[in-house]
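Let me begin by presenting the structure, written as structure tokens, before commenting on it.
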Amino acid sequence: MSAGIEIVLPDGSRRSLPAGATGADLAADIGPGLAKAALGVEVGGEVRDLSRPLHSGETVSIVKADSPAGLELMRHSTAHVMAQAVIDLFGGDSVRLGIGPTIKSGFYYDFDFADGRRLKEDDLQRIEARMHEIIAADQEFVREEVPYERALATWEARGDRYKCDLIRGFPAGETISFYHNRARDEGEAFVDLCRGPHVPSTGKLAKAHFKLLTIAGAYWQGDEKNPMMQRIYAACFASADDLKRHLHNLEEAVKRDHRKLGKQLKLFHFSDEVGPGLPLWLPRGTVILDVLREFLVDEQRKRGYQSVVTPHIGRKHLYETSGHWQNYGDSMFPVMGDAEGAEFCLKPMNCPHHIQIYQSDLRSYRDLPLRLAEFGTVYRYEKSGELGGLKRVRGFTVDDAHLFVAPEQLFDEFVSVVELVRFALATFGLPVQARVGTRGTEEGGKFVGEPELWERAQAEIVRACEEMGLAYTVEEGEAAFYGPKLDFVVTDALDREWQLGTAQVDYNLPQRFDLLYTAKDGTRQRPIMIHRAPFGSLERLMGVLIEHYAGAFPTWMAPVQVVVAPISDEQLDEARKLVDRLRGLRLRAELDAASEPIGPKIKRARLEKVPYVAILGAREIRESTVSVRSRDDGELGAMPLETFLERLEKEVVERR
RNA sequence: GCUGCUGUGGCUCAGGGGUAGAGCACGUCCUUGGUAAGGACGAGGUCAUGGGUUCGAAUCCCAUCAGCAGCUCCA
């Protein structure tokens with residue numbers, strides 16, 4: 001018994017096993033059901049292979065597919081099976097392997113083919129079929145720890161520069177391991193450089209429900225200077241239901257796609273004649289933009305902002321002073337010259353213009369904080385492949401404002417900015433996450449100004465988040481070049497993340513433009529700037545909102561709030577009067593004057609996602625009522641006109 | 001920008017080496033209909049653009065432009 005070991009289970013109970021016992025032995029010792037379901041073990045927070053020996057005194061839990069760790073294990077092992085399938089089908093000599101990590105909904109694996117093969121959509125089915133064969137063959141995953149030299153030699157011999165890159169990149173002393181897949185009768189089937197862990201055998205993946213989804217290019221190690229590999233993305237879940245749900249969500253996302261709904265609902269349009277990434281807002285989309293603007297202007301007025309208007313272009317020199325030219329010249333539209341030789345740029349940012357407004361007068365501490373706001377349209381030359389619907393465009397409008405503040409005002413002002421951003425985004429029911437972006441490293445990141453000023457600004461941002469009870473994460477090196485920032489990321493109805501609002505502290509531009517104000521004691525002091533945009537780009541916000549609401553905007557935002565539909569042409573005049581009355585109350589009403597039965601009129605309003613249809617027949621006119629049909633609640637029946645109007649006004653005022 | 005895929009009336013899509021199809025939408029007329037599509041007729045496209053192959057190209061090839069997925073980037 002002296003050679004035995006004692007293992008602690010998560011519930012605190014102890015179990016004695018012979019020396020050298022593995023995770024598999026422990027699972028078997030507990031019960032045959034667990035032995036079958038076990039995929040790995042977790043020891044001190046680390047997930048390990050079932051085949052690795054346990055040590056006395058360790059607290060060990062058995063990992064099954066129903067835990068996050070188990071799902072991870074399953075996905076990772078399935079990625080290996082996919083790599084093996086690709087090699088089996090297309091020849092081991094020509095396939096070079098990149099990496100095959102797990103992702104939120106499954107996994108991917110990157111491949112490079114020495115023979116220049118291009119994967120096609122129909123290859124995915126063949127690969128999937130082969131994967132099922134490999135799983136049915138129940139190959140063992142066998143871990144082998146390998147010395148550095150041998151590991152390198154193995155992959156050099158295979159001509160796989162990617163795996164060699166990985167090995168060379170490992171820190172000294174790192175344990176290098178291979179995972180071999182051994183077929184039950186034919187020996188080695190596949191080997192991969194991998195840290196592990198893995199499930200004990202491919203047979204355990206019979207319960208991995210996966211589907212290969214797309215082929216896409218991806219630069220090796222994410223660096224555009226490196227060759228591009230071919231990546232296969234797959235969804236993978238522990239149950240058929242989970243996979244089904246995920247695929248269903250993807251379908252839902254397609255249905256809600258703002259590009260599709262934007263066309264269907266006639267909100268915006270892209271014209272080749274105008275150019276890529278330059279949206280044209282149609283009347284109905286513009287209504288929503290107007291609502292958003294009014295909403296924010298109103299809120300900003302309450303908070304002491306002043307609106308300004310500035311032109312779309314400015315001298316190139318202005319952007320040299322601001323540093324934009326040096327830092328973002330590549331993504332600014334080409335300089336335009338006038339007939340007299342002056343050079344102008346389309347503005348990529350509003351701050352330099354707002355700074356000029358600050359400098360249009362002598363400023364004293366009595367002027368601060370000076371809050372200048374503008375829905376400023378800016379132009380950025382985004383690379384062609386980066387454009388996408390409204391979420392990434394070349395011309396867009398920022399709900400921008402620049403706050404010029406004295407140092408002692410910075411904190412309170414920043415807090416109030418954070419409050420406004422949260423309020424504005426909460427109005428749409430979008431849950432917000434905050435991310436603090438800090439200064440890049442000396443070598444890698446772009447930044448201007450003194451590191452000490454950056455430290456101060458970062459500290460203020462973090463303090464403001466804590467004061468507001470705002471949960472935040474810190475993203476190292478994600479700052480703007482002129483200062484650290486707080487980004488607001490929203491998660492839409494389909495769990496996708498989008499960065500919208502932003503708030504940035506800036507000590508640098510005031511310095512570059514030599515901004516000053518006269519302090520109480522008569523000395524000249526330098527203000528600090530806060531850049532902030534609750535919505536970020538109105539275009540992106542619209543894209544997000546269209547998808548969030550699936551095109552069914554709440555009444556206060558809906559381009560058309562009520563369609564008035566007469567039962568027959570007899571009621572046309574009364575219907576017109578009702579439309580006029582609604583419009584007089586600043587409600588957005590349209591008349592459906594088609595000589596058609598009420599059915600098609602209702603159908604049309606539903607397709608257009610109009611919140612209300614007001615039906616007017618002989619009966620309603622006689623009784624001074626309207627029959628109301630709600631998009632969300634269905635038929636509401638006849639009600640006095642006043643009741644309907646109150647309902648509408650209430651929804652508008654309450655922003656519902 | 002890179003890799004791959006796609007590009008047919010306003011929209012959704014079928015077709016495919018021998019001078020273009022459907023549904024919806026649109027127009028006119030008929031119908032005056034009570035809560036998710038009443039009927040008839042009609043108009044509308046040099047099949048993204050430019051080359052090439054061919055007796056003949058919307059169809060095959062190349063290029064360009066645009067869109068989509070992903071990578072990279074995003075003040």
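As the structure is a computational prediction, the values presented were derived from the model and not from experiment. Below, chain A is the first sequence line, B the second, and so on; all start at residue 1.
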Ring centroid separation A:His354 to A:Phe404 under 6.0 Å: no
Can you tell me if the side-chain N/O atoms of A:Arg118 get under 4.0 Å from OP1 or OP2 in B:G4? yes
Whole-Å distance separating the CG atom of A:Asp110 from the P atom of B:C71: 10 Å
For a quick check of understanding: with a heavy-atom distance under 4.0 Å over all strands, which category does A:Ala618 fall into, base, sugar-phosphate or nothing? base
Expressed as a whole number of Å, how far does the P atom of B:C13 sit from that of B:G17? 22 Å
CD1 of A:Ile232 versus C1' of B:U3: gap in Å, rounded? 14 Å
Any side-chain N or O of A:Arg629 under 4.0 Å from OP1/OP2 of B:G34? no
Under 4.0 Å from OP1 or OP2 of B:C5: is there any side-chain N or O of A:Lys120 that close? no
With respect to the phosphate group of B:U35, does any side-chain polar atom (N or O) of A:Tyr612 fall under 4.0 Å of OP1 or OP2? no
A:Ile602 atom CD1 is separated from B:G38 atom P, nearest whole Å, by 11 Å
In this structure, how many angstroms lie between the C1' atom of B:G1 and the CD atom of A:Glu386, rounded? 8 Å
Quick check, are the ring centers of A:Phe396 and A:Tyr379 under 6.0 angstrom apart? no
Tell me: CG of A:Asp569 to P of B:C29, nearest whole Å? 12 Å
Can you check the A:Met639 CE to B:G34 P distance for me, whole Å? 21 Å
Any side-chain N or O of A:Arg392 under 4.0 Å from OP1/OP2 of B:C74? no
Taking the C1' atom in each of B:G50 and B:G10, what is the distance between them to the nearest angstrom? 26 Å
State whether A:Lys601 places a side-chain N or O below 4.0 Å from either non-bridging phosphate oxygen (OP1 or OP2) of B:G34. no
Aromatic rings A:Phe90 and A:Phe113: how do their planes relate, parallel, tilted or perpendicular, breaks at 30° and 60°? perpendicular
Specify whether A:Tyr319 and A:His324 have parallel, tilted or perpendicular ring planes, treating 30° as the upper limit for parallel and 60° as the lower limit for perpendicular. perpendicular
Would one find a side-chain N or O of A:Arg259 under 4.0 angstrom from OP1 or OP2 of B:A69? yes
Would you mind reading off the distance between A:Lys225 atom NZ and B:C2 atom P, rounded to a whole angstrom? 16 Å
Separation of A:His269 atom NE2 from B:G67 atom C1', in whole Å? 13 Å
B:G1, OP1 or OP2 - any side-chain N/O from A:Ser384 closer than 4.0 Å? yes
Specify whether A:Phe268 and A:His258 have parallel, tilted or perpendicular ring planes, treating 30° as the upper limit for parallel and 60° as the lower limit for perpendicular. tilted
